[in-house]
Amino acid sequence: MAAAAGSFPPSPFMRLSRYFLPILRETPKEAEILSHRLMLRAGMIRQEAAGIYAWLPLGFRVLQKVTQIVREEMDRAGAIELLMPTLQLADLWRESGRYDAYGPEMLRIKDRHERDLLYGPTNEDMITEIFRAYVRSYKELPKNLYHIQWKFRDEQRPRFGVMRGREFLMKDAYSFDLDEAGARRSYQRMFVAYLRIFARMGLKAIPMRAETGPIGGELSHEFIILAETGESGVYCNADILDLPIPAEDVDYDADLEPVIKAWTSLYAATDDVHDQARFERETAPEKRLRKRGIEVGQVFYFGDKYSRPMHAVVAGPDGVERPILGGSYGVGVSRLVGALIEAGHDEAGIIWPESVAPFLIGIANLKVGDPESDAASLKIYDALKKAGIDVLYDDTDERPGGKFARLDLIGLPYQIIVGPKGLAEGKVEVKTRASGARDLITLDDAIARFVA
RNA sequence: CGGGGUAUAGCGCAGCCUGGUAGCGCGGAAGUUUUGGGUACUUCAGGUCGCAGGUUCGAAUCCUGCUGCCCCGACCA
C-alpha cells in the first residue's frame with residue numbers, strides 16, 4: 001500500500017479494520033441510564049460483575065485522557081503524584097479507628113496467613129502513615145500528595161454503569177499543613193485546580209456547599225455538573241455558570257482568596273444541605289436555578305482527624321510537636337467518563353469534547369477498494385497522524401450508512417467523509433459532530449483545518 | 001439491606017400457562033446485489049434453555065433450593 005511505503009505508515013491499530021471496537025446495535029436491557037447505554041453500545045466498557053467493568057479500548061482512551069487532564073492540573077497546582085497500593089493492611093485502619101467504623105461497604109480480605117486486608121475505598125490512613133514516617137519538621141510543609149488509583153466500595157446497589165460502580169478510578173490528593181491558615185491555602189489551591197480540571201473537559205462544574213462532618217467549618221465543597229439525569233437536586237444562582245475560570249498561568253502561590261470568594265459567595269447547594277429561605281434571600285427570583293446534578297469531585301478539610309490518632313506530628317518553629325492539619329481532595333475519574341456523556345449526547349450517540357475524545361477525528365472511507373477513495377483517505381490520515389492528531393480511520397468494507405451511524409455513536413468531534421461523489425470535484429466532507437455542520441471542501445483544506 | 005422482577009445463541013426477545021426433536025429479529029461467516037445516512041435476497045455457523053436437586057416414560061416448560069443480574073427504596077464519589 002502507498003501508506004506503508006511512506007515515512008509515516010499509519011499505526012495499524014488506528015485503522016478500524018484492525019481495531020477492537022465492539023459496537024452494539026441494540027441496547028442491552030440492563031442499562032437504564034443514558035451514559036451507561038451509550039458506553040455499552042459504543043463498545044467502551046463491558047460489565048464483568050455488578051458495578052465492575054472492563055474498559056475496552058475506546059473507553060480506556062477516554063479514561064486516559066481524563067486522567068491526564070487531572071494529572072496536569074494537579075501538578076500545576078503543586079501536588080506531587082505517587083502511587084499507593086489497592087490492598088491495605090487492616091491494622092492501619094484499626095489504628096485510625098476506621099476499620100470498625102466503615103461498615104460493609106469495605107471489602108475485607110484475608111491472605112494465606114489469615115491476615116486481615118482490605119481493598120482500599122480511600123487512602124487517608126495510608127498517606128498519613130507514609131507522611132509521618134518521613135516528615136518531622138515544619139520546614140517540609142506544606143505538602144500535597146496525590147495518586148490516581150482504583151478503589152473499591154462494596155455498594156449495596158451499584159447502578160448507572162461507571163457512574164456508581166463498586167470498583168472505580170479516583171484521584172485522591174492529601175494536603176499537609178502546620179496551621180489552619182496554611183491548610184486553608186492548600187484547600188484553596190485544590191479548589192482552583194478543580195475549577196480548571198472540569199473546565200478543560202468542557203464541563204461547567206459548580207462548587208457547592210457540602211456537609212462538613214464533625215470538623216465543621218466551611219471548608220467542604222462538592223463539585224457538581226448539571227445534567228438532567230443527575231442523582232441529586234441542586235439549587236444555585238444562575239450567574240455562577242458565567243464566572244471566569246482561572247487561567248492556565250494562575251499563580252498558586254498568590255492569594256487565591258478573591259477567586260474562592262467569587263465562586264462561593266453566590267448561592268449553590270445540593271438538596272441535602274439546601275436552605276430555601278436563604279436561597280430566596282440571597283438570589284433574585286430570575287436567577288434561581290433548580291436543576292439536577294452529578295457530583296464529580298469534592299474538596300474537604302478534616303484537620304487532625306487522622307494525624308492525631310496516628311501521631312503524624314511535625315515540630316514547629318517553636319520546637320513543639322503538633323499533629324499536621326490535613327485535607328483530602330477527590331475526583332471521580334471513571335465516574336467523570338459517564339458524567340461527560342450525560343452532559344454531551346444526542347439521539348445519535350455521544351458527543352465528546354475535544355479534550356477527552358478518544359480520537360479527535362474519524363475518517364470514513366465510503367468506498368474502500370476504490371483507488372481514489374483509498375488514496376485520498378490515506379493522504380488525509382497520514383497528514384493528520386504526522387501532525388500528532390489522534391485519528392481513527394474507518395477502512396472497513398461496510399455500507400456508508402453503517403459508518404455514519406457508528407461514527408455518530410462513538411462521538412468523535414469531527415468526521416472526514418471521503419467518497420467518490422465528493423472526490424469527483426476533489427472534495428471531501430468535514431462534519432462537526434456537535435453541531436452537525438457539514439462542509440464540502442478540498443482535501444488540502446480539510447487537512448489545513450486541523451493541521452496548524 | 002427491604003420490596004419487586006428476571007435468567008432461552010454475541011445483543012434484543014418468543015416458547016413455559018396446557019411437559020413430547022429449541023425458535024424469531026439483529027449481529028457473525030460465505031455469496032449475489034447494492035453503494036453518500038444502518039440495501040435486498042440466498043446459504044451457513046452458533047444454545048448441555050443460570051446452577052443443583054426433585055416429579056415424570058420424557059422437563060426450557062411443573063416443584064424445591066441456590067446463584068447472578070436488573071428496577072424501586074434506604075445508602076453513597
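The sequence lines fix the lettering, A, B, ..., with proteins before strands; numbering per chain opens at 1. Worth saying up front: this structure is predicted, and the values here are computed from it rather than measured.
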Heavy-atom donor-acceptor pair, R46(A) side chain to W55(A) backbone, under 3.5 Å: no
Atom-to-atom span, CZ of R153(A) to P of rC75(B) - whole angstrom: 16 Å
E30(A) CD - rG68(B) P separation (whole Å): 16 Å
Pair of N/O donor and acceptor under 3.5 Å linking rC75(B) base with R164(A) side chain: yes
Nearest-Å distance for atom pair NZ/P, residues K151(A) and rA77(B): 14 Å
RNA chain B: 5'-proximal contact among L24(A) and V418(A) (nearest heavy atom): L24(A)
Proximity to the side chain of R25(A) - top-ranked nucleotide from rC11(B), rA74(B), rG27(B): rG27(B)
Trace of the side chain to side chain contact (heavy atoms under 4.5 Å, CB included) decision for V234(A) with L226(A): CA-CA 8 Å; V234(A) 299; L226(A) 301 181; 3.7 Å; yes
Per E398(A) side chain, nearest of listed nucleotides rC76(B), rG37(B), rG38(B): rG38(B)
Nucleotide forming a Watson-Crick or wobble pair with rA7(B), both distances under 3.5 Å: rU67(B)
Sugar-phosphate, base or nothing in reach of G422(A), heavy atoms under 4.0 Å: base
Atom-pair distance (CD on Q156(A); C1' on rG73(B)), nearest Å: 11 Å
Identity of whatever pairs with rU55(B) - Watson-Crick or G-U, under 3.5 angstrom: none
Nucleotide nearest K29(A) when distance is taken to its side chain, options rC13(B), rU35(B), rG73(B): rC13(B)
Closest contact, heavy atoms only, S96(A) versus M310(A): CB-SD, 3.8 Å
Candidate nucleotides rA77(B), rC1(B), rG37(B), ranked by approach to the side chain of D408(A) - the nearest: rG37(B)
Selection from rA77(B), rG37(B), rG38(B) that lies nearest to any side-chain heavy atom of R41(A): rG38(B)
Rounded distance (Å) that lies between atom C1' of rG27(B) and atom CZ of R399(A): 16 Å
Candidates rC72(B), rG36(B), rA77(B) - which lies nearest the side chain of R157(A): rC72(B)
Closest to the P28(A) side chain, choosing from rC69(B), rA77(B), rG12(B): rG12(B)
Residue that, paired with F191(A), satisfies ring pair (Phe, Tyr, Trp, His ring centres under 6.0 Å) out of F223(A), Y329(A), F198(A), W263(A): F223(A)
Nearest-Å distance once atom C1' is located in both rU64(B) and rU43(B): 45 Å
rG27(B): pairing nucleotide in any strand, Watson-Crick or G-U under 3.5 angstrom: none
Integer angstrom distance from the C1' of rC44(B) to that of rG3(B): 47 Å
I350(A) versus A42(A), closest heavy-atom pair with distance: CD1-CB, 4.1 Å
Side chain E26(A) and base rG25(B) donor-acceptor under 3.5 Å: yes
Between rG36(B) (P) and K367(A) (NZ): distance, integer Å: 9 Å
Closest nucleotide among rC71(B), rA77(B), rG37(B) to the R438(A) side chain: rG37(B)
Separation between OH of Y174(A) and CG of D125(A), rounded to the nearest 0.5 Å: 8.5 Å
Euclidean distance, atom CD1 of residue I294(A) to atom C1' of rA77(B) [Å, nearest integer]: 12 Å
Atom P, compared across rA60(B) and rG36(B): separation rounded to whole Å: 48 Å
Donor-acceptor contact below 3.5 Å, side chain R94(A) vs main chain Y99(A): no
D397(A) CG - rU34(B) C1' separation (whole Å): 12 Å
Pi stacking test for F404(A) and rG36(B): under 5.5 Å apart, planes under 30°: no
